[in-house]
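To keep things clear, I will list the structure first and then write my remarks on it.
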Amino acid sequence: MLDRADRRTRYPGPIAEAAVHGHTLNDQGFASDAALAELLDRYPAELIDINLYDYDAVGQVSLRTGARGRLSGAELLEAIQAGRLWVNLRAVETGWPELWSAAMGEFRRIAEGYPGLKAVTNAGQLILSSPKARVPYHFDAAGVMLFHMRGRKRVFVYPGDEAHLAERDMEQVVARQTTEELPYRLAFEADAQVMDLEPGQALTWPIYAPHRVENLDRFCVSLSMDFQTWPSRLRNGALFANAVMRGRGGAPRPTDAMTVPELAARWAASLALKRAGAMKSRIATFERDFEPDAAATDGARAI
């Protein structure tokens with residue numbers, strides 16, 4: 001079992017292991033039914049992702065995606081609370097500026113406890129999830145600060161080494177050739193840090209660390225704030241460039257073996273590759289096969 005903090009990631013950074021912090025967002029009324037129903041009434045449908053995950057006996061996952069439909073905000077909230085749905089409201093920084101302003105204050109306060117953590121960009125998504133919803137083993141190509149505001153949530157955080165997070169898989173996610181889900185084995189559980197989150201708690205973990213989430217039989221509301229640092233921005237660029245090289249038959253050098261100048265050069269190359277359309281996204285659109293419905297199984301009615 002990996003129990004030393006300095007072995008939990010092969011990417012050096014200011015956050016060495018998962019840790020819980022306090023916050024006050026849940027005291028400001030952002031997670032009430034009334035506030036959420038009103039938000040869902042006005043939130044742009046193109047910024048709402050509605051997902052349903054199915055699992056087999058060994059933890060492998062398949063994803064179904066849903067359409068917003070014509071439910072009122074209150075009806076959509078009821079479907080989430082009654083079903084098995086995981087709903088992301090993207091771009092909270094513009095979609096709910098009052099929440100975002102309060103969250104940025106909390107982010108800055110917590111970040112002060114990590115010398116060297118300098119975010120150059122921040123973005124957020126509000127997560128509304130059903131009592132029995134689970135999110136599979138995955139990673140985010142960014143740093144994450146998770147502000148939990150309602151319900152109870154269990155988060156499993158795993159080491160970011162090659163065994164748990166292969167660079168080839170990272171390349172595919174960063175290049176948008178696949179979604180964030182990763183190959184998973186039950187044996188990974190021996191290496192997990194496990195934390196139960198209550199309202200008023202925020203969780204940080206090392207940049208890129210794989211993780212998965214289980215709700216603990218209650219409707220949950222969380223704000224997931226992504227942030228990029230210059231080191232993560234350079235590495236993401238290098239991962240994208242490596243994905244293009246590998247797709248053309250190359251054998252690129254792993255990013256964790258690169259010096260900072262090498263990472264910077266690959267990042268610069270990635271900007272040119274993206275402008276040239278060198279690798280088109282394969283996840284720009286999903287076939288949506290259900291709409292939320294509180295009366296349907298899992299809160300999802302087939303379209």
Side-chain angles (χ1 to χ4, degrees), residues 1-13 15-18 51 53 55-63 134-144 155-194 204-214 224 226 228-229 231-260 262-267 269-270 273-274 278-283:
M1 180 173 179
L2 301 179
D3 54 6
R4 290 176 51 202
D6 61 358
R7 294 179 62 194
R8 297 203 69 85
T9 177
R10 65 189 185 275
Y11 306 112
I15 302 176
E17 61 182 338
N51 299 323
Y53 296 100
Y55 297 82
D56 65 18
V58 293
Q60 302 305 308
V61 66
S62 59
L63 168 67
R134 296 186 290 161
V135 167
Y137 185 77
H138 70 286
F139 91 105
D140 299 287
V144 175
V155 184
F156 302 75
V157 180
Y158 304 82
D161 56 15
E162 182 69 15
H164 297 80
L165 181 63
E167 276 222 359
R168 288 193 179 201
D169 294 326
M170 296 178 71
E171 293 169 9
Q172 294 297 295
V173 172
V174 169
R176 298 182 63 79
Q177 300 303 290
T178 184
T179 54
E180 297 171 344
E181 290 77 35
L182 297 167
Y184 170 78
R185 293 189 291 114
L186 290 174
F188 290 169
E189 295 310 307
D191 297 324
Q193 282 184 276
V194 184
T204 57
W205 56 78
I207 291 179
Y208 302 126
H211 52 282
R212 64 182 185 87
V213 183
E214 296 179 356
S224 178
D226 297 348
Q228 294 290 350
T229 63
S232 68
R233 180 177 279 184
L234 295 182
R235 190 173 303 277
N236 286 349
L239 289 165
F240 183 91
N242 280 4
V244 174
M245 293 173 64
R246 199 180 302 280
R248 297 178 178 179
R253 178 177 167 86
T255 66
D256 54 332
M258 293 181 185
T259 64
V260 173
E262 285 179 286
L263 290 169
R266 292 291 173 91
W267 169 72
S270 75
L273 290 168
K274 289 175 183 177
M279 184 165 280
K280 302 294 185 182
S281 171
R282 294 182 178 177
I283 60 171

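Predicted model, so just to flag it, every value in this text is computed and none were measured.
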(request) Inspect the surroundings of CZ in Arg253 and state if more than 12 heavy atoms from other residues, nucleotides or ligands are less than 6.0 Å away. (result)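 Yes, because the 6.0 Å sphere around CZ of Arg253 holds more than 12 heavy atoms from other groups.
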(request) Could I get the full list of ring pair (Phe, Tyr, Trp, His ring centres under 6.0 Å) partners for Tyr53, not counting sequence neighbours? (result)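 Once residues adjacent in sequence are excluded, Tyr53 has no partner under the ring pair (Phe, Tyr, Trp, His ring centres under 6.0 Å) criterion.
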(request) Mind checking ring pair (Phe, Tyr, Trp, His ring centres under 6.0 Å) for Tyr158 and listing every partner two or more places apart, or none if nothing turns up? (result)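 Scan of Tyr158 (ring pair (Phe, Tyr, Trp, His ring centres under 6.0 Å), adjacent residues dropped) gives Tyr137.
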Looking at [X] and [Y], would you say the former's side chain and the latter's main chain have a donor-acceptor pair under 3.5 Å?
X: Asn236; Y: Ala141; answer: yes
X: Tyr11; Y: Ala209; answer: no
X: Arg266; Y: Arg235; answer: no
X: Asp161; Y: Arg10; answer: no
X: Gln172; Y: Ala243; answer: no
X: Gln177; Y: Lys280; answer: yes

Is any side-chain heavy atom of [X] closer than 4.5 Å to a side-chain heavy atom of [Y]?
X: Val61; Y: His138; result: no
X: Thr178; Y: Val173; result: yes
X: Leu263; Y: Thr255; result: yes
X: Glu189; Y: Arg212; result: yes
X: Leu182; Y: His164; result: no

Quick one: pull up [atom1] in [X] and [atom2] in [Y] and give me the separation to the nearest 0.5 Å.
X: Met258; Y: Leu234; atom1: CE; atom2: CG; result: 11.0 Å
X: Ser232; Y: Asp226; atom1: OG; atom2: CG; result: 10.0 Å
X: Met245; Y: Leu273; atom1: CE; atom2: CG; result: 9.5 Å
X: Tyr208; Y: Ile15; atom1: OH; atom2: CD1; result: 12.5 Å
X: Thr9; Y: Glu17; atom1: OG1; atom2: CD; result: 12.0 Å

List the atom of [X], the atom of [Y], and the distance in Å for their closest heavy-atom pair.
X: Ala18; Y: Gln193; result: N-OE1, 3.2 Å
X: Asn51; Y: Leu63; result: CB-CD1, 3.7 Å
X: Met279; Y: Ala175; result: SD-CB, 3.5 Å
X: Ser270; Y: Gly237; result: CB-O, 3.2 Å
X: Tyr55; Y: Pro136; result: OH-N, 3.1 Å
X: Pro159; Y: Asp191; result: CD-O, 3.5 Å

(request) Among residues two or more places apart or on two chains, list those pairs meeting salt bridge (Lys or Arg N to Asp or Glu O under 4.0 Å) that have a residue in residues 166-178. (result)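 Found Glu171-Arg246.
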